[in-house]
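The sequence lines fix the lettering, A, B, ..., with proteins before strands; numbering per chain opens at 1.
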Amino acid sequence: MGTQGDENVGREQLEPPLRVRFAPSPTGMLHVGGARSALFNWVFAKRHGGALVLRIEDTDASRNRPEWTQGIIDSLAWLGITSAEYEGPYLQSEYAGQHAQAQRTLLEAGDAYYCDCAREAVVARTGDSHRGYDGFCRDRGLSSAAGGALRFRTPDVGRTVINDLVRGEVSFEHAALEDFVIARGDGSTTFLLANVVDDATARITHVIRAEEHLSNAPKQQLLWQALGHTPPTWAHVSILVDHARKKLSKRRNKVALEAYRDEGFLAEAMRNYLMLLGWSPGGDREIVPWKLIEAEFELSAVTSSPAFFDVDKLRAFNGEYIRALPLAEFIDACQPWLVGKSAPWQTTEFDAEVFAALAPHAQTRIVLLSEIVPMVDFAFLPHPVRDEQSWNKAMKEPAEQILDAAIAAFADVEWEPVALKAAMEQVSLRLGLKLGKAQAPVRVAVTGRTVGLPLFESLAILGRERTLRRLADAHRALQQSRLTTP
RNA sequence: GGCCCCGUCGUCUAGAGGCCUAGGACGUCGCCCUCUCAAGGCGGUAACGCCGGUUCGAAUCCGGUCGGGGCUACCA
């Protein structure tokens, strides 16, 4: 290795030793499986001082939509993979010229040939719809003018061995590889070739992708070689599966990263969880700082068996991350659900100071940020929500007396949690009830629900006037229903 | 059907021949704490698919078998 000369230093910086890429097709929102692949690529690059390239494979015009491209970019950024973290995004559609050039190279070298066989004709000849292409046109010398597809001529004997960082060596017999299509009748290049040309152009050294591509690897490796390039090192990570152990799919499962973000999953929890699907920091560690993952991740330590995407465990991770947030950050993270169109109250009714007082009590009680709304809505809605189930459960027999007594007791107590609790304890004592029983009607009258934040802290924050009014409202409603339906 | 991959508690995993009467986490069950609900603490439940072989010794190595999955388009 020559190290003399300043130009070499600069050159090495332009061409880092290791280059990886994430190459999604914009046929939908980024899904969790894709996100995991992106994360593996990103962390691998970080770990080894390499570069990450983002390439949008937008060559199927019929299924692509520009907004999906932006959605993918936004989702990646949410995970931490911002534009500063990668080269690109490059659009595959802009490299049609290079793809066409590769077609010519292959054709001229005799590695490819035109074929005008209809699928039915092939099946008719082989008598087997599972067999694949039979090589009928191999030596017919057809030209592109015939409007046929261009096929790659796979070797008849021998085998191709894929060197895979997570699976070891995987061997494929050439006899089992059909002459696959590399260009359509209209001249456009298919995935197998375009993907290879773009990777070679970007000088990709490691192709890290999901296992569903494993069977493409031998074909692509042959293409790399035919084009005169050294094939990359491969790494096929396992797929993510659903409850039925089937590959996660857009139509069967909820997989869009955006959907999880909108529900209130934290990006940090999501990426920590995704990394643990197939990889472990070792020992008994699971929830770990991202820095540690970047420092310790090893592709060779990634499991090769499929992993179930377990939302329950993701939720547990999210709860942990929410609780670990400094209060100010927790308050900040809740904002999207508190102000704006999704909030059930007018923005003018929201009071940041009141929320700040409520927040510490809510932080240990929610698993998704979106759950903050029913926790605190009593403080911002003019009237508490009326949850029928809660009402029916709490507003039973001694409820009217309890409300009565509470109104009297709260009329002149010192308005702070300890005094409020003491007053309520007096009430329950007098009625021969446990505090847990006696607080229920009060809680429902004031917050609308049987479960929620600690009651006396909530009352203290709500204020005497509003509390008393709600107690009276509930009392009146109870009286009325007693009179109308005996 | 063909090619290929995979196989430790229900789930994600630790485990790289003796440290394993298999560890952790999620889930689940019970107890404690407690104004509801959480959080927290304590404890329980539950796995090396099966059969052979190698070895003094196998979850770990080999073979087979069974089971699951991926791919099998002029989609990517």
First encountered from the 5' end of RNA chain B, between A/Met375 and A/Phe309
A/Phe309
Is A/Lys247 close enough to B/rC71 that one of its side-chain N or O atoms is under 4.0 Å from OP1 or OP2 there?
yes
Distance in angstrom units between A/Glu457 CD and B/rU34 P, rounded:
15 Å
Using a 4.0 Å heavy-atom cut-off across all strands, classify A/Gly278 as base, sugar-phosphate, or nothing.
sugar-phosphate
Which of the following nucleotides, B/rA76, B/rG27, B/rC12, is nearest to the side chain of A/Leu277?
B/rC12
What contact category does A/Asn216 fall into here, base, sugar-phosphate, or nothing, at under 4.0 angstrom with non-hydrogen atoms?
base
Look through every strand shown and name the nucleotide pairing with B/rG17 as Watson-Crick or G-U wobble, where both distances are under 3.5 Å.
none
Using the C1' atom as the point on both nucleotides, what is the distance between B/rA73 and B/rU65, in whole Å?
34 Å
Suppose you measure atom C1' in B/rG41 against the same atom in B/rU34; what distance do you get, rounded to whole Å?
13 Å
Between B/rU28 and B/rC9, how far is it from one C1' atom to the other, in whole Å?
12 Å
Nearest-Å distance, CZ (A/Arg245) to P (B/rG70)?
11 Å
A/Thr59 side chain N/O closer than 4.0 Å to the phosphate oxygens (OP1, OP2) of B/rA76?
yes
Comparing nearest nucleotides in RNA chain B, the 5'-proximal residue of the pair A/Glu212, A/Arg323 is A/Arg323
How long is the line joining CZ of A/Phe152 and P of B/rC74, in whole Å?
17 Å
Report the nucleotide, chosen from B/rC26, B/rA76, B/rU11, that has the shortest atom-to-atom distance to any side-chain atom of A/Ser25.
B/rA76
What contact category does A/Lys434 fall into here, base, sugar-phosphate, or nothing, at under 4.0 angstrom with non-hydrogen atoms?
nothing
For B/rC75, the Watson-Crick or wobble counterpart (both distances under 3.5 Å)
none
Salt-bridge present (A/Arg153, A/Asp111; N to O < 4.0 Å)
no
Rounding to a whole Å, what distance do you find between A/Leu193:CG and B/rA73:C1'?
16 Å
Interatomic distance at C1', B/rA47 relative to B/rC5, whole Å
22 Å
Indicate, with a heavy-atom threshold strictly under 4.0 Å, whether A/Phe456 touches base, sugar-phosphate, or nothing.
base
If B/rC66 has a Watson-Crick or G-U wobble mate with both distances under 3.5 Å, name it; if not, just say none.
B/rG7
Looking at B/rU36, B/rG24, B/rA76, which one has an atom nearest to any side-chain atom of A/Arg443?
B/rU36
Of all the choices, B/rC4, B/rG69, B/rC26, which nucleotide is nearest to the side chain of A/Ile239 once you look at every atom?
B/rG69
Among the nucleotides B/rA76, B/rC4, B/rC35, which one has an atom lying closest to any side-chain atom of A/Leu455?
B/rC35
Check the phosphate of B/rC6 against A/Ser304, side-chain N and O only, distance under 4.0 Å to OP1 or OP2. Yes or no?
yes
Could you give the CZ-to-P distance, from A/Phe180 to B/rC71, as a whole number of Å?
18 Å
For A/Glu286, answer base if it contacts any base atom (sugar-phosphate contacts may also be present), sugar-phosphate if it contacts only those atoms, and nothing otherwise; contact means non-hydrogen atoms under 4.0 Å.
base
Using a 4.0 Å heavy-atom cut-off, does A/Tyr273 contact any base of the nucleic acid, only the sugar-phosphate backbone, or nothing at all?
nothing
Give a yes or no on whether a donor-acceptor pair under 3.5 Å exists between the nucleobase atoms of B/rC4, that is its base, and the side chain of A/Glu173.
no
Mate of B/rC37 across any strand shown (Watson-Crick or G-U wobble, both atom pairs under 3.5 Å) is none
P gap between B/rG7 and B/rA14, integer Å:
11 Å
With heavy atoms under 4.0 Å as the rule, sort A/Gly185 into base, sugar-phosphate or nothing.
base
Rounded distance (Å) that lies between atom P of B/rG1 and atom CD of A/Glu178:
19 Å
Once you apply the 3.5 Å cut-off to both distances, tell me the Watson-Crick or G-U wobble partner of B/rU28, or none.
B/rG44
Counting side-chain heavy atoms from CB outward, which of B/rA76, B/rC37, B/rG24 is closest to A/Val451?
B/rC37
Output yes when A/Arg140 and A/Asp116 qualify as a salt bridge under the 4.0 Å nitrogen-oxygen rule, no when they do not.
yes
Side-chain ion pair, A/Asp387 and A/Arg449, N-O less than 4.0 Å:
no
Could you tell me whether A/Pro306 contacts a base, only the sugar-phosphate backbone, or nothing, with contacts defined as non-hydrogen atoms closer than 4.0 Å?
sugar-phosphate
Side chain to side chain contact (heavy atoms under 4.5 Å, CB included), paired with A/Pro360, selected from A/Leu453, A/Ile331, A/Leu327
A/Leu327
Base, sugar-phosphate or nothing for A/Arg167? Non-hydrogen atoms, less than 4.0 Å.
sugar-phosphate
Which nucleotide in the set B/rG69, B/rC12, B/rG27 lies at the smallest distance from any side-chain heavy atom of A/Lys246?
B/rG69
For A/Arg365, is there an ion pair with A/Glu371 - N to carboxylate O distance below 4.0 angstrom?
no
Is A/Arg430 paired with A/Glu425 through a side-chain N to carboxylate O contact shorter than 4.0 Å?
no
Would you tell me if any nitrogen or oxygen in the side chain of A/Lys313 comes within less than 4.0 Å of OP1 or OP2 on B/rU11?
no
Across the strands shown, which category fits A/Ala307 at heavy-atom distances under 4.0 angstrom: base, sugar-phosphate, nothing?
sugar-phosphate
Between B/rC48 and B/rU60, how far is it from one P atom to the other, in whole Å?
12 Å
Would you indicate what A/Leu453 reaches in the nucleic acid, counting non-hydrogen atoms under 4.0 angstrom: base, sugar-phosphate, or nothing?
base
What is the distance, rounded to the nearest whole Å, between atom NZ of A/Lys250 and atom C1' of B/rC75?
11 Å
Counting side-chain heavy atoms from CB outward, which of B/rC4, B/rA76, B/rU36 is closest to A/Thr190?
B/rA76
Rounded to whole Å, please give me the gap between NE2 in A/His213 and C1' in B/rC4.
15 Å
Just checking A/Thr27: base, sugar-phosphate only, or nothing, at a heavy-atom cut-off of under 4.0 Å?
nothing
Salt-bridge present (A/Arg65, A/Asp58; N to O < 4.0 Å):
no
With P as the reference atom in both, quote the distance from B/rA58 to B/rG24 in angstrom, rounded to an integer.
25 Å
Using the side-chain heavy atoms of A/Leu214, tell me which of these nucleotides is nearest: B/rC5, B/rC26, B/rC74.
B/rC5
Assess whether a salt bridge exists between A/Glu286 and A/Lys313, defined as any Lys/Arg side-chain N lying under 4.0 Å from an Asp/Glu carboxylate O.
yes
Approximate separation, where rounding is to 0.5 Å, of A/His174 NE2 and A/Phe172 CZ
10.5 Å
Is it true that A/Arg285 and A/Glu296 make a salt bridge, defined as a side-chain N closer than 4.0 Å to a carboxylate O?
yes
